[in-house]
There are 2 protein chains.
Amino acid sequence: MVDSAEKQRGYEAQLRDAGVRMTRPRRAILKILAETADHPDAMEIFRRAVALDDSISLSTVYRTMKLLEDKGAIQRHAFAGGPSRFEQADGAHHDHLIDIDTGNVIEFQSDRIEELQNEIAKSLGYDIVHHRLELYGRKRRKR
Amino acid sequence: MVDSAEKQRGYEAQLRDAGVRMTRPRRAILKILAETADHPDAMEIFRRAVALDDSISLSTVYRTMKLLEDKGAIQRHAFAGGPSRFEQADGAHHDHLIDIDTGNVIEFQSDRIEELQNEIAKSLGYDIVHHRLELYGRKRRKR
DNA sequence: CTCTTGTTGCAAACGATTTGCATTTGCATT
DNA sequence: AATGCAAATGCAAATCGTTTGCAACAAGAG
Ligand SMILES: [Mn+2]
Ligand SMILES: [Mn+2]
Ligand SMILES: [Zn+2]
Ligand SMILES: [Zn+2]
């Protein structure tokens, strides 16, 4: 809590420096993003935002997500089937495993896979600009 | 040509055996899929289908793609940004590198990456049901 | 405090895909 | 070859997530 409030202040300062006006809706959304550990979609962010400021509109949530994405403050993930989901872009790169029963998202990271991806692209004459690695799975039945 | 006509006949027989009625639109779409080497989207398939049978509707293209997907005859890929793109499901598993400038799709396959994915899922207590690995890249500037 | 310009909420538009419905068709049956 | 019925079609309208036009509003530089 203490930590996320601090983190949020850092976010705001960083954005203000980038020439972004700090409005009530934006503050609410940044607070939500700083506090959450999951990967909420726009509607979920909207719901949480309304709790902080009941005059926020869904359009503004969408507009803000796009703004933050452009500024590199968040990442957008279009997992199969559902709407886009978001997360802060502060941590290190990672990929995702999606629980197809619950929608839960688990993060993982593999240097080896990242390396192999680069090798493959290189051998095909390409430079990777970005990539997407998503595992869709089901919790293993306990034995 | 000879080859794809043969391939298409195989497709039709296989589907008929699965209880799928062979209609004019379906025959047209199967022909298109058997002949193409790329990853067309629904609208593109529609355009090519109209050339074979000008009474085909876009709805039917969508309905047929879903049917074929359910029967396991084709695969649907939702690459970033655009509409779903399709390809026959006959060959071996592979992943894709998308040229972000042209939209061209290049196929590749890495046993090592597939292995690593399974290890990761396993270590997280999951079984992979399906996955998505897409590299978005740009052709390397010639030196 | 004022002015300028960016931002907002709202409703309407959007693009891809799906769906309801009346009509047509495949095809198994006589 | 004619019949019957379920399945498939075309069309238009609906859907879903997301974007946009616009008039009202508010951030923050001066
Ligand atoms: Mn994540
Ligand atoms: Mn492919
Ligand atoms: Zn990665
Ligand atoms: Zn793969």
Side-chain angles (χ1 to χ4, degrees), chain A residues 11-32 39-71 73-86 103, chain B residues 11-32 39-71 73-86 103:
Chain A
Y11 258 114
E12 292 193 18
Q14 193 178 331
L15 286 169
R16 189 177 279 111
D17 289 352
V20 175
R21 283 192 191 177
M22 278 313 307
T23 66
R24 216 163 140 48
R26 285 177 183 170
R27 241 183 292 270
I29 292 172
L30 286 173
K31 181 176 170 64
I32 290 165
H39 299 73
D41 61 33
M43 182 52 78
E44 176 59 25
I45 292 171
F46 173 62
R47 274 189 286 265
R48 298 184 195 176
V50 166
L52 303 183
D53 173 355
D54 63 325
S55 75
I56 284 180
S57 77
L58 182 56
S59 308
T60 295
V61 171
Y62 276 111
R63 274 190 282 235
T64 302
M65 300 325 282
K66 172 124 63 190
L67 175 88
L68 295 177
E69 188 185 6
D70 290 347
K71 295 295 178 187
I74 64 171
Q75 269 189 263
R76 171 192 307 261
H77 302 293
F79 298 136
S84 293
R85 300 171 65 165
F86 307 88
Chain B
Y11 257 114
E12 291 193 16
Q14 193 178 331
L15 286 168
R16 190 177 277 112
D17 289 351
V20 174
R21 286 193 187 175
M22 280 311 307
T23 65
R24 217 161 137 50
R26 285 177 184 170
R27 243 183 292 272
I29 291 172
L30 286 173
K31 182 174 168 63
I32 290 165
H39 299 72
D41 61 33
M43 183 52 77
E44 176 60 26
I45 291 171
F46 173 62
R47 273 188 286 265
R48 297 184 195 175
V50 166
L52 303 183
D53 173 356
D54 63 326
S55 75
I56 284 182
S57 75
L58 182 55
S59 308
T60 294
V61 171
Y62 276 110
R63 274 191 280 238
T64 301
M65 299 325 281
K66 171 123 65 190
L67 175 90
L68 295 178
E69 187 184 6
D70 290 347
K71 296 294 179 190
I74 64 170
Q75 268 189 263
R76 171 193 305 262
H77 302 293
F79 298 137
S84 292
R85 300 171 64 164
F86 307 88

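We name chains A, B, ... by the order of the sequence lines, and we start the count at 1 in each one.
Interface remark: the Thr23(A) side chain does not form any donor-acceptor pair with the dA26(D) base, using a distance-only criterion of under 3.5 Å. A donor-acceptor contact under 3.5 Å is formed by the side chain of Arg63(A) with the base of dG9(C). Interface remark: the Arg21(A) side chain does form a donor-acceptor pair with the dT5(C) base, using a distance-only criterion of under 3.5 Å.
Atoms CG (Leu15(B)) and P (dA8(D)) sit 12 Å apart, rounded to a whole Å. The distance between atom CZ of Phe46(A) and atom C1' of dG17(D), rounded to the nearest whole Å, is 14 Å. We find that CE of Met43(B) is positioned 11 Å from P of dG15(C), with the value rounded to whole Å. When rounded to the nearest whole Å, the span between CZ of Arg47(B) and P of dA16(C) equals 10 Å. Note: CG (Leu68(B)) to C1' (dA8(D)) measures 14 Å, nearest angstrom. Arg16(A) has its CZ atom 9 Å from the P atom of dA29(D), to the nearest Å. Atom CD1 in Ile29(A) sits roughly 11 Å away from atom C1' in dT8(C) (whole-Å rounding). At whole-Å resolution of the value, CG in Asp70(A) and P in dG6(C) are 16 Å apart.
Taking 4.0 angstrom as the limit, Arg26(A) places a side-chain polar atom (N or O) nearer than this to OP1 or OP2 of dT8(C). Between Thr60(A) and dT7(C), a side-chain N or O to OP1/OP2 separation shorter than 4.0 Å is absent. Distances shorter than 4.0 Å separate some side-chain N or O of Ser84(A) from OP1 or OP2 on dT18(D). Distances shown here put a side-chain N or O of Lys66(A) below 4.0 Å from the OP1 or OP2 atom of dT19(D).
Closest approach to the Tyr62(B) side chain among dC10(C), dC27(C), dA16(C) is made by dA16(C) (side chain taken as heavy atoms from C-beta onward). The nucleotide whose nearest atom lies closest to any side-chain atom of Met22(B) is, among dC27(C), dC10(C), dC11(D), dC27(C).
With the nearest nucleotide of DNA chain D identified for both Val20(A) and Asp53(B), Asp53(B) has the one nearer the 5' end. Residue-to-nucleotide proximity on DNA chain C shows that, of Leu58(B) and Thr64(A), the 5′-proximal contact is made by Thr64(A). Nearest-nucleotide mapping onto DNA chain C: of Phe86(B) and Val61(A), the residue sitting toward the 5' end is Val61(A).
The pair Glu69(A)-Lys66(A) does not count as a salt bridge, with every side-chain nitrogen at least 4.0 angstrom from each carboxylate oxygen.
Shortest non-hydrogen contact noted between Met22(B) and Arg27(B) is O-NH2, 3.2 Å. Closest approach of Ile29(A) to Val61(A), counting heavy atoms only: CD1-CA, 3.9 Å. Closest non-hydrogen pair, Pro25(A) versus Thr60(A), comes out as CB-CG2, 3.7 Å. Shortest non-hydrogen contact noted between Phe46(B) and Ile56(B) is CE1-O, 3.3 Å. Contact between Leu58(A) and Ala42(A) at its shortest, heavy atoms only, is CD1-O, 4.1 Å. Across all non-hydrogen atoms, the minimal contact from Gly103(B) to Arg85(B) is O-NH1, 3.1 Å.
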(message) Determine whether Arg26(A) and Leu15(A) satisfy the following criterion, side chain to side chain contact (heavy atoms under 4.5 Å, CB included), listing intermediate values before the conclusion.
(response) CA-CA 10 Å; Arg26(A) 285 177 183 170; Leu15(A) 286 169; over 6 Å; no

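One axis for each end of the helix from dC1(C)-dG30(D) to dT30(C)-dA1(D), each built from five base pairs, and the angle between them comes to 30° at 10° resolution.
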